[in-house]
Structure formats: C-alpha cells, structure tokens
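From a predicted model like this one, the values you see are computed outputs, not experimental measurements. So you know, we letter chains A, B, ... as the sequences are listed, proteins then strands, and number each from 1.
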There are 2 protein chains.
Amino acid sequence: MADRPTTIYDVARAAGVAPSTVSRAFSRPGRVNAETAERIRTVAAELGYRANPQARALSTRTTSMIAVLLADIGNPVFSEVARGAEEAAAEAGYAMVLADTRESAGRERELLDKILQSVDGVLLASSRMSDTAVRQVAKVKPTVVLNREVGGLPSVMVDHGRGMRRAAEHLAALGHKQVTYLAGPEAAWPDGVRWRALRDARTELGITVRRVGPVAPTLNGGVRAAAAWAAHPTSAVVAYNDLVAIGFMRGVQTMGKEVPQDVSVIGFDNTPSAEIVTPGLTTVAAPQRALGSRGVRHVLAFVGGARSSSTEPLLLPTKLVTRASTGPVAGRS
Amino acid sequence: MADRPTTIYDVARAAGVAPSTVSRAFSRPGRVNAETAERIRTVAAELGYRANPQARALSTRTTSMIAVLLADIGNPVFSEVARGAEEAAAEAGYAMVLADTRESAGRERELLDKILQSVDGVLLASSRMSDTAVRQVAKVKPTVVLNREVGGLPSVMVDHGRGMRRAAEHLAALGHKQVTYLAGPEAAWPDGVRWRALRDARTELGITVRRVGPVAPTLNGGVRAAAAWAAHPTSAVVAYNDLVAIGFMRGVQTMGKEVPQDVSVIGFDNTPSAEIVTPGLTTVAAPQRALGSRGVRHVLAFVGGARSSSTEPLLLPTKLVTRASTGPVAGRS
DNA sequence: CAACACGCGGCAACCGATTGCCATACGGGA
DNA sequence: TCCCGTATGGCAATCGGTTGCCGCGTGTTG
C-alpha cells in the first residue's frame, strides 16, 4: 500500500525497451515483434504490472466504467435491475458505478454532475429528472433511459400496457365485471401506461373500471387503499405493485373478508413477497434483470458508436403469474 | 457529446490568468486573491467547466471512488448493505463502484484486479476469497471486511452471537427445551458464530440443541429441511436466515402441522418477507444498512490515513423482532 | 532608507499511458 | 548494385490537472 504501483516505465527499464513499446505490447498485438512482446509480458507479470486506468483514460478518453442511477437500491425491483446491469457491464469488461438518487431529482442531478465525467455512458433506471435535464445529460454522454420515453433518446421499457391487458383478460375470464385500479405515484411513468391500458380494455372485455389513488407505493398504502375500496367494493382489484397489493389484501382480511372469495387481487412486479404471502399473489412479472442488462448493452452499443437513429424504444414482454389471490367471481363455479 | 469538455486552460484563457491559478482557485481557497478567485469561478461557471477526474486522479493519486464487492446484489440483505454503503459514500463525496461476485472467489479476484486501481478503498461485504487473498488486496488499498475476521484487517461485524443468544433466550422463556438449528453454507462466516453461540447457551438456559444441515439458503432448502427435522422433531427451530425459516414453515404446514402450535420458528435478517409471511416470522434483525455505511466510513477513515492500529472489529448490535411464529411450548399456557 | 516578509500569480515539471511520426535495418526486386 | 517497401523500435508530444519554486510588488520594521 506504501510503494507505488509499477508503471510501464519500470517494465520498460527491466525489459530494456522503450515505454512506448511496452504500451504497444499490450494494446497493439502485431505492432511489436512477437518475441519482444512475449518478453515484455513476462517481465510485466513478474513485476506485477497493472495499467493505471486514470492515465489510460486521460489519453484515450474512455474509462471502461458505466453509471447506473436508480431511485432506491433497497427496492427489490431496482436491485434486480442493478444486478442485470452489473452482469452486462462485467461481461463487456466495464465496471458499474451505482448511484442511488433516493427518489430525488435534485440528488440525481448532483450525482450525475459528479460522476458523468468518469464514465463512458449512463443508464437512468428510474429518473425523476425532467425531460430537458435528461436530454442535457444525453448530450454529454451516451445515455439510455429505462421505463420512460424521452423524445429522441434510446430507451428500454417493459411492456406494462400489455401486462395490464393480460391481467384484465385474466380477470374477465374469471367472470369479473368491475375492476378497481389502485394507482401509484403520479410521477411514476408506468402507472399512467397501466391505467390507460386498463381503460382501453373496457369495451372489448366488457368490464367497467375504477381508479383509486394515488396510493403510497407501500404496504401501508395498500392497507389504506382497502378502506377506500370498501366504500365502493368491486370483485377485482389491480394494484400498482406487489407491495400495495399485499397491503390491500391485509387490509381486506382485517375487515373480515377473504381473498379471493370476496375480492380477487393482482399485483405488479412479482417480487419475492408475492410468492410468500398468503394467499399467493397473482402478479404481472416484469423481466427486471433483463431490463438492466439490455439497458447496459444498449448504452455500450452507443458508446461503441451506434447510429443514434435506432431510437425506437425496446419493449420487453411481461408475464402473468397466476397464484391464489385471483379466483372466479362470487356466484360462479 | 461531440465537443470536448472545457478545461482549466479554456477557463484560464477566458479569465486572463494562468492555468495553475485556475486550479488553485478551486482547490486552494486562500492561496488566490479573493477577487481573482471569484472572477475565475464566474468564468468557469459560464463555460460550464468541470474538472476532469482522470486528470486529477493522475496527479493526486486519489479517485474519490470506493469499491464495494458483495456476493449477490439481488439478495435483500446485501442490497441493504449496498444502500448503506452508497449513502455513506455519497455523503463523503465518494462514488461507489459496485461489483457482484456471484458467490465466486475467482470472479471476486478478477473484479478486484480490474477496479482496484480505480478506487481509493475497498469494502468486502461478503468475500469468498481466502484470507491471504484478502490480505493481498489490503496491501494495495485500504480495505475493510464485513462480517468476517481476517487477522489484522479492520472489519465491521454484526454481533450474530448475541443475536442467537437472544433468540435462544426468547425460546427458553417460552418453555422450549429442545432447539434445532438449520445450518447455512459452511463457507458463511456468520453460520459458525451462530451455531457456537447456540451451543454455548445450552447449560445456562437448560436446553438441548441439534444441528441440521448445511441447508441451501433458499426457500426450497427450508422446505427440505422440514423433512429432515420431522425425523427428530423439536418444539423450536432456528434457521440460518429468513428464507430458510419461511421455507421450513411452509414445509411444516404442508405436513399438516401448525406454526407456532407445533413448532416455533425463528429466522435471521428480518427481510421484508418476514413481515409478510403467515404467520409473521420472529427473526433476528441485523442493521445491514448501518453495516454498509459503517463499513464505508471505516474505509474512508483509513483512506484519510488512520492508524492501522485501530484494528479491533466493530460490533453492531442485533435486535430480536418477535412475531407470530414463536409461541409457548405445547402444553403450556 | 535598507532589509525583509508576505501576498499573489506564473513557469514548468510532473502523474502514466497512448500514438503520430521518424529512424534503422533487413529483404526483395529491377 | 541500387532502390524501396516493410517490420520494428524509439522519440516526444499529448491528455488535464496539481504543485514546488521563483519572482514581482507592496507593506512593515529596524
């Protein structure tokens, strides 16, 4: 920790060549005589030589690092995204700088300010910044946004609309005629998409829909939503996410009603809790991991100089996972 | 994205001073005349100047980045650690490079090889490497390990022993005389600590203990453990972690037995699932977030040049969270 | 009035790797 | 035998900050 790391100069001296030759031995195979290169590599290994990334970055203007910003790493949805991102980054030989914006656009700006110059590209997993702010960032480094559309910027999204559609179809098939949607935060982009998809499915599926909320995207938010729902009960409820759905079930149960006998419940995200709760929660699973990895690969493609014309958003499919929280409407087998 | 960022040279020219003066205006307040500094700062702001971190790093040998390595970011335990680490890092003006070792010592080595030179310090949250390998890393950069003791290296740990002790006391108070421990992976350091703590509590609490496993630290591992336990049932079970505990409860329930009437169950970690499962899981909560933030602060203290003598491991307290999965032993009120 | 201290800005040498350009040597073709 | 292309290695500039040292000008002190 005390002595300085070995540099190409050390290696050069030990191998009896010029520093430039050492550099080329590593980065330009073929440019250097095979034997010389071999000798240099041996000496370098003996000395434990490791290229200094900062020095390299200074002249090449690339850092082999990529920034991933998300709203809350503690949220299992995002931690899956982070994992996918890390996998894709590692596979491409990039390191991941992870920043948690804690749901704040201000923090997000500050963080970007700090790390933007240190990375080759940026993945905004759940940006709370304005479109213009996001575009500003994209002007400096290749940027990809997740689950959001910012005009002209590449993005990767989960097909929430289709997921909601599937959920509605599932409920309709079970005979449900009225569906309540427990809405999430207004700022959350997927929320609007889902609600619209549900509304659009009305006539075709012959159902009526109601919207309650916005509801805090937490367990307690769901519990409170149960009270609101009780004022105008419907036989089926779709919640903004699993946590709300689970809270809702809990609220309903404490009111003495049963799931799914009295009300069918569907969540979003398929978090681990959905499997563990009683009854098991039917939920729309999104490929969060894939979202992260595709996002990073997308960023890296742009770093590699892809045409910025490939700007149509990438849509990832969802999957309805049916469990015990949904059942036929009361009075039907 | 095309045009190069402004440098101190641009600012210097625009402000009519030398580059060195610009540099000092930012990094040496007081070294430059207040008015000059102000003028430089104004010009810099107009030009949108932002110091190039690589260039700075090259001469200062510090990067304002810290590496955090963990075994699996998808695991809620680790994602909490990551969040705590990120918070502490951000607060100190450091960025966090997060790497997921996927439980592999080999990957861990490779990752470190790549990023070690880019960071000022390292936090090993759940290293799978050998002690010597860890020490090797610590020789290059300030390193702190979490939940592990590597002779001579600073570490932060959760007081698992005490947590287990509390769990045992809780069970003893409920009248349980026999406790089964569902052991986790042998490589997991906390596992040994917990088992030893349980054994050490035997005589004082007047209980007998058994050990089953190692069990895969998953839901299914718990389910299978239920079968093993059924061969020699005890009235109380402590599991390696919440997931195993929940799987165990599920396994027991499918065998037609009830929790806690037939068997009391305690988990470790207090993950969100512990609250959601039915019955609610009594579990030993560890301050994972604090673990991450303390870890990072510890690393940064060493970066700042703390005496490496402060090598006694930091112990963080646990807390027993009692829920419905534990109750009095059968035949007692 | 001379000597000196101090405030403040500039010069230039780093930090370590990359890379355009030149120099040398060697082999082949005319 | 002479010319030229090619393989190979070295020189030196460059990336953008940082910092030791010097020098100038002003104010203070003996």
Practice prompt. Test B:Asn52 against B:Thr7 for side-chain contact (heavy atoms from CB on, under 4.5 Å), laying out the working first.
Written response: CA-CA 8 Å; B:Asn52 179 318; B:Thr7 71; over 6 Å; no
Worksheet item: Can a salt bridge be assigned to the pair B:Arg148 and B:Asp131 using a cut-off of 4.0 Å between side-chain N and carboxylate O?
Response: yes
Practice prompt. Name the orientation class of the two ring planes belonging to B:Phe26 and B:Tyr49 (parallel below 30°, tilted from 30 to 60°, perpendicular beyond 60°).
Written response: tilted
Worksheet item: B:Tyr49 has an atom OH; how far is it from atom C1' of D:dG17, in whole Å?
Response: 7 Å
Worksheet item: Where along nucleotides 7-15 of chain D does protein come under 4.0 Å, by heavy atom, of base (B) or sugar-phosphate alone (S), with - for untouched nucleotides?
Response: -BBBBB--B
Discussion item. Tell me whether the side-chain N/O atoms of B:Ser23 come closer than 4.0 Å to OP1 or OP2 in D:dT18.
Written reply: yes
Item to complete: Give one of base, sugar-phosphate or nothing for A:Phe26, where a contact means two heavy atoms less than 4.0 Å apart.
Response: nothing
Fill in: Inter-axis angle, terminal five-pair segments of the helix from C:dC1-D:dG30 to C:dA30-D:dT1 [nearest 10°]
60°
Practice prompt. Measure from CD1 on A:Ile8 to P on C:dT19 and round the result to the nearest Å.
Written response: 11 Å
Discussion item. Other residues, nucleotides and ligands only: do more than 12 of their heavy atoms fall within 6.0 Å of CZ on B:Arg102?
Written reply: yes
Item to complete: Report yes if a side-chain nitrogen or oxygen of B:Arg28 is closer than 4.0 Å to either non-bridging phosphate oxygen (OP1 or OP2) of D:dT18; otherwise report no.
Response: no
Worksheet item: Above 12 or not: heavy atoms from other molecules or residues under 6.0 Å from CZ of B:Arg109?
Response: no
Practice prompt. Say whether A:Glu108 and A:Ser127, considering side chains only, have a donor N or O and an acceptor N or O under 3.5 Å apart.
Written response: yes
Discussion item. Taking A:Ser64's backbone N and O only, do any of them form a donor-acceptor pair with A:Asp120's side chain (distance below 3.5 Å, no angle check)?
Written reply: yes
Discussion item. If we ignore hydrogens and angles and just use 3.5 Å, is the side chain of B:Asp100 paired with the main-chain N or O of B:Ile73 as donor and acceptor?
Written reply: yes
